[in-house]
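Please read all numbers here as calculations on a predicted model, not as lab measurements. Residue indices begin at 1 and follow the sequence shown.
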Amino acid sequence: HAHKWRELREKGLSINSTWIDEAGAGESDDLCDLAIRCIEEVKEADILILYCEPGETLKGAWIEVGAALASDIPIIAIGVQEPQRSVFCHHPCWRFDALSVQHALDLLALEYVGEAK
């Protein structure tokens with residue numbers, strides 16, 4: 001789904017995940033480096049949006065979830081179903097289950113506007 005995140009970045013949304021620029025088969029030269037970057041990038045993020053469509057199995061995203069939880073980064077999940085989410089959804093950083101990316105962005109806007117008041 002890298003194209004979705006690149007489109008949002010092009011529209012001005014701050015997305016610091018470099019994997020979206022090398023998501024094609026064989027585009028990541030060094031998977032060890034990729035894993036380390038995923039962790040470092042999440043630690044620099046304000047929030048993690050975890051995205052999964054029906055029938056998909058999350059793989060590398062779990063490294064980002066672990067980094068977010070360890071760094072107290074809030075997580076919004078979209079389309080993540082049991083049993084994939086397991087105990088994660090009970091952690092205080094697991095903030096919302098959103099219906100879509102736009103719903104997640106709307107939830108974020110409401111939360112941050114509410115904090116600004």
| Between atom CG of L48 and atom NZ of K43, what is the distance when rounded to the nearest 0.5 Å? | 14.5 Å
| task | With the side chain counted from C-beta on, respond yes when C93 and D72 share a heavy-atom pair under 4.5 Å apart, and no when they do not. | result | yes
| Do I63 and V42 touch side chain to side chain, with heavy atoms closer than 4.5 Å? | no
| message | Quick check on the hydrophobic clustering: are I76 and L105 connected, directly or via other members, by side-chain heavy-atom contacts under 4.5 Å? | response | yes
| query | Rounded to the nearest 0.5 Å, what separation is found between the NE2 atom of H3 and the CG atom of L8? | reply | 10.0 Å
| Transitive ILVMFWY side-chain link W62 to L69, under 4.5 Å | yes
| request: Enter the distance from I49:CD1 to I78:CD1 here, rounded to the nearest 0.5 Å. | output: 5.5 Å
| query | Looking only at heavy atoms, what is the nearest atom pair of W5 and I15, with distance? | reply | O-CD1, 3.2 Å
| note | Taking every heavy atom of R6 against every heavy atom of I20, the minimum-distance pair comes out as NH1-O, 2.5 Å
| note | Shortest non-hydrogen pair, A98 vs H103, comes out as CA-ND1, 3.3 Å
| message | I want to check something: taking the side chain as every heavy atom from C-beta on, are L34 and E22 in contact at a cut-off of under 4.5 Å? | response | yes
| request: Could you tell me the separation between the CG atom of N16 and the CD atom of E40, rounded to the nearest 0.5 Å? | output: 11.0 Å
| Rounded to the nearest 0.5 Å, how far apart are CG of D46 and CG of L108? | 9.5 Å
| said: Can you list everything that forms a side-chain hydrogen bond (donor to acceptor under 3.5 Å, both in side chains) with E7? Sequence neighbours excluded, please. | reply: none
| In Å, rounded to the nearest 0.5 Å, how long is the span from CG of L58 to CD of E53? | 11.0 Å
| request: Ignoring hydrogens and angles, tell me if any N or O in the side chain of S28 forms a donor-acceptor pair with the backbone of L31 under 3.5 Å. | output: no
| query | Counting distance only, does the side-chain N/O of E41 pair as donor-acceptor with the main-chain N or O of T18 below 3.5 Å? | reply | yes
| query | Are side-chain heavy atoms of L50 and W94 found at a separation under 4.5 Å? | reply | yes
| pair V101-K4: side-chain heavy atoms closer than 4.5 Å | no
| Should L13 and F96 be counted in the same cluster of Ile, Leu, Val, Met, Phe, Trp and Tyr side chains packed under 4.5 Å apart? | yes
